S.K.: 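Got a structure for you, questions after.
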Number of protein chains: 2
Amino acid sequence: MKTPTGDQALIKRMNTAIVLESVLRDAPLSRADISALTGLNKATVSSLVQDLIDSGLVREIGTGQSSGGRKPVLLEFVAESGYAVGVDLGVNYVRGVLTDLRGGVVLERTAQLPRTSPEEVFGILRPFIQALVDEAPESAFGVVGIGVGVPGLVDRGGSVLYAPNLGWRDVPLQDALSRAFGLPVLIDNEANVGAIGERQFGSGRGIGSMIYVSVGMGIGTGLILQKELYKGAAGFSGELGHLSIEANGPACRCGNRGCWELYASEQALLARAAEAGLGEGTLDSLLALAERGDARTRALFADIGESLGVGIANIVNVFNPEAVVIGNTMSRARPWLEEEMIRTTESRALNFHLRGIRLLFAELGDRSAVMGAAESAISAFFKRLRSA
Amino acid sequence: MKTPTGDQALIKRMNTAIVLESVLRDAPLSRADISALTGLNKATVSSLVQDLIDSGLVREIGTGQSSGGRKPVLLEFVAESGYAVGVDLGVNYVRGVLTDLRGGVVLERTAQLPRTSPEEVFGILRPFIQALVDEAPESAFGVVGIGVGVPGLVDRGGSVLYAPNLGWRDVPLQDALSRAFGLPVLIDNEANVGAIGERQFGSGRGIGSMIYVSVGMGIGTGLILQKELYKGAAGFSGELGHLSIEANGPACRCGNRGCWELYASEQALLARAAEAGLGEGTLDSLLALAERGDARTRALFADIGESLGVGIANIVNVFNPEAVVIGNTMSRARPWLEEEMIRTTESRALNFHLRGIRLLFAELGDRSAVMGAAESAISAFFKRLRSA
DNA sequence: TTAGTTTGTCTATCCAATAAACTAAGTTTT
DNA sequence: AAAACTTAGTTTATTGGATAGACAAACTAA
């Protein structure tokens, strides 16, 4: 039985977390506010706040307005008490951010990735991350961790089991990075960190259950269920891109037939554009064509929108989420996709499940993943705080 | 902020729950065993166990073996300290059980349901349940609750929003029953309670993430994720029967096209049997034919197995569960379905997701739902104990 | 017998939360 | 401006759990 048993330390940790959370959410606020908000006794709040001030996570920022009594001392979270690094490892680029503990971006860098072998990538990644770490200002906690999103399957130990577009198999990335930097490292799938990013900083703020659909060359998905990222039994789930929507459709490289991503991804778009002789084989050229009003291109985007809708209807029926967020490169085609996507979803999903659902596009654009990677490092830091 | 704050009462509730759980799981065992198992101090365990004995949930049952010291006093859970009623409301039947708090069946009843209007069903259900309640032996907690599984969509308030096969819309069943009996009542979808039943008492014992697929006239599903029944934002999720597996397939009554249940349900089987002139239009007749070795019938079952496999592959890719459990009437056709179902699933699902997965059939047969209904009443009782 | 072992209880102590009293620092009323 | 009131935050004594360690009880083995 590894269930943690209850003792006083647990209570203190819980209540400290509650206090910190209310500072994070509602700052600036006073000790009295926290007491009223949380139901904790004023004395308890005072004591816990003092601990947080001592540790450097919270500070007093002067007094607020009074309505006939002593003025409250306002508190705020010290976002600069620590920093996190987020990395989005793409197929031909690396993007990195250095953020404070509230997710405020201090620094952002991008680099090309001309070769993708694990060794070569690591050779680029290491100085790339080191530069971000080095730029972090002095702070109470320093750099609290590194989060990395990768385009592939990642196991619970942070090994990249399979990343077809990088040509990786069984690359122990977490091991390598945490050894190199001596910092906590979290590796996760690009769609999973994208989901975290959009939920924390983007269109999914405050939403409890949300499915993030990363539509790039393939389709990946991140599932936020009951406010938590859902991972399957083995740590990888949500391969909704390989949900078959045509049982007898064309074979997919995954072994299944008629996978959703064969119909609704950027790759699908480009393949069909090539067949029809549209554009120059890039998303950009097609977007430009659509912008100029080319009817065939617009019809093609509408088709992709419809295919997206077919899959989204499935998602809605399966998960009954509060929101579905479309991200990654294809979200740039929103104007030409959205209408048909929504129409198809609404005509296909169960009525009861459509009530109150929101079909959104990523707010963070191509930064969903990198921000989510940073956020996962931040939240891991808070989790460590809570349990120690 | 409604987060419950931590105080000593919380500690005690937590630790009491931990102790009770270890008694439930590992009885018979001694106080010393519990202390070793849970990490709680011997004194703490003694005190909590005494409380549980006083409340009637635990009792001493004599001494055990010693290996050179004082003999341990063995404890066990008093299953007969309370009783629960489980009801499986079908389209033309009602099945009910009275169980003790461990889920041991004390009494089981079935009745026909000739008419399905809410009033008529309630007229039958009320005395049916009353009889079960009346038969419960005297006990410390009495009948702790009533769980009901229904073939339809149920909202969080226990209202049946939509049950096409009963012809129900917006029937406040929980209200009606809890008013009639003055007991806690839980209403849930048949597949959800079936999932609970199989997980607690059937083939899913001890499994953390499991998808229960109820294949009857339609296909319903219950999702056990991270040891909990997953319900969507609005309380209904897991309509995997209406996952489209042929985007351009035939229209389904749900509004979508090519839904899984159009290919893999009992209804699909019977429709195709009728087309082919096989059997007398019942599952029983087809099973008999297959038993006798009729090749066309067997091929038909194999086809259904393949269609089941297509959907299961999707499930596996989406959820990466530890197990998929096939239940309800179609599980009776296991001998004629299983091979093709497994073959199709394995050829279509992602390799990584197949590792260690188990494709099982319901152990409880047609009692998955009724047992799960009782279990949901029992676990609600324990939950109440824990929070008060 | 005697020594050693294991179970379970008892006792003193610790610690976090709390209520209530109190101090601090304001605003409003007269 | 003094008195009365308000609100913020701290101090103090109390409460109620968990705990370590001492201890008693009950056993085995030699």
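Predicted model, so just to flag it, every value in this text is computed and none were measured. Lettering of chains follows the sequences in order, A, B, ..., and the numbering in each one begins at 1.
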S.K.: What's the CG-P distance between L48(A) and dA16(C), to the nearest Å?
M.R.: 10 Å

S.K.: Of the nucleotides dA17(C), dT19(D), dG8(C), which has the atom closest to the L40(B) side chain?
M.R.: dT19(D)

S.K.: Where does the angle between the aromatic ring planes of F319(A) and F319(B) fall among parallel (under 30°), tilted (30 to 60°) and perpendicular (over 60°)?
M.R.: tilted

S.K.: Figure out the CG/C1' separation between L29(A) and dT7(D), and round it to whole Å.
M.R.: 15 Å

S.K.: Which one, dG8(C), dG17(D), dT9(C), comes nearest to the side chain of R70(B)?
M.R.: dG8(C)

S.K.: Would you indicate whether the side-chain heavy atoms of R31(B) and L75(B) approach each other to under 4.5 Å?
M.R.: yes

S.K.: Among the candidates dT7(C), dA18(D), dT23(C), find the nucleotide nearest to the side-chain atoms of T44(B).
M.R.: dA18(D)

S.K.: Please state how far atom CD in E60(A) lies from atom C1' in dG9(D), giving the value in whole angstrom units.
M.R.: 10 Å

S.K.: Among side-chain atoms of S139(A) and E80(A), is any donor-acceptor pair under 3.5 angstrom?
M.R.: no

S.K.: Tell me, do L364(A) and E198(A) make a side-chain contact under 4.5 Å, heavy atoms counted?
M.R.: yes

S.K.: Picking from dT27(C), dG8(C), dT10(D), which would you name as closest to the side chain of R31(A)?
M.R.: dT10(D)

S.K.: Would you mind classifying the nucleic acid contact of V45(A) as base, sugar-phosphate or nothing, using non-hydrogen atoms under 4.0 angstrom?
M.R.: nothing

S.K.: Under 4.0 angstrom, heavy atoms only, what part of the nucleic acid is K12(A) near: base, sugar-phosphate, or nothing?
M.R.: sugar-phosphate

S.K.: Could you state the CD-C1' distance from Q65(A) to dA25(C), rounded to the nearest angstrom?
M.R.: 14 Å

S.K.: Are any of S47(A)'s side-chain N or O atoms less than 4.0 Å away from OP1 or OP2 of dA17(C)?
M.R.: no

S.K.: Counting only Watson-Crick pairs (N1-N3 plus N6-O4 or O6-N4) and G-U wobbles (N1-O2, O6-N3), all under 3.5 Å, who is the partner of dA30(D)?
M.R.: dT1(C)

S.K.: By nearest heavy atom, map G68(A) and N41(A) onto DNA chain C; which one lands nearer the 5' end?
M.R.: N41(A)

S.K.: Quick one: which of dA8(D), dA18(D), dC27(D) gets closest to the side chain of K71(B)?
M.R.: dC27(D)

S.K.: Could you tell me the separation between the NZ atom of K42(A) and the P atom of dT23(C), rounded to a whole number of Å?
M.R.: 14 Å

S.K.: Nearest whole Å is fine: how far is dA20(D) C1' from Q8(A) CD?
M.R.: 14 Å

S.K.: Of the listed nucleotides (dA16(C), dT27(C), dG8(C)), which one gets closest to any side-chain atom of S66(A)?
M.R.: dT27(C)

S.K.: Kindly check if the number of other-residue, nucleotide or ligand heavy atoms within 6.0 Å of CZ (R358(B)) is above 12?
M.R.: no

S.K.: So what does T63(B) touch, heavy atoms closer than 4.0 Å: a base, only the sugar-phosphate, or nothing?
M.R.: nothing

S.K.: Is the phosphate of dA18(D), meaning OP1 or OP2, less than 4.0 Å from a side-chain N or O of N15(B)?
M.R.: yes

S.K.: What is the distance from CZ of R13(A) to P of dA17(C), rounded to the nearest Å?
M.R.: 12 Å

S.K.: Could you list the residues that satisfy side-chain contact (heavy atoms from CB on, under 4.5 Å) with A79(A), not counting sequence neighbours?
M.R.: F77(A), D100(A), R102(A)

S.K.: Considering heavy-atom distances to DNA chain C, does S67(A) or G69(B) have its closest nucleotide positioned more toward the 5' end?
M.R.: G69(B)

S.K.: To the nearest Å, give me how far apart CE (M14(A)) and P (dC15(C)) are.
M.R.: 20 Å

S.K.: What nucleotide among dG17(D), dG9(D), dG21(D) has an atom nearest to a side-chain atom of A43(B)?
M.R.: dG21(D)

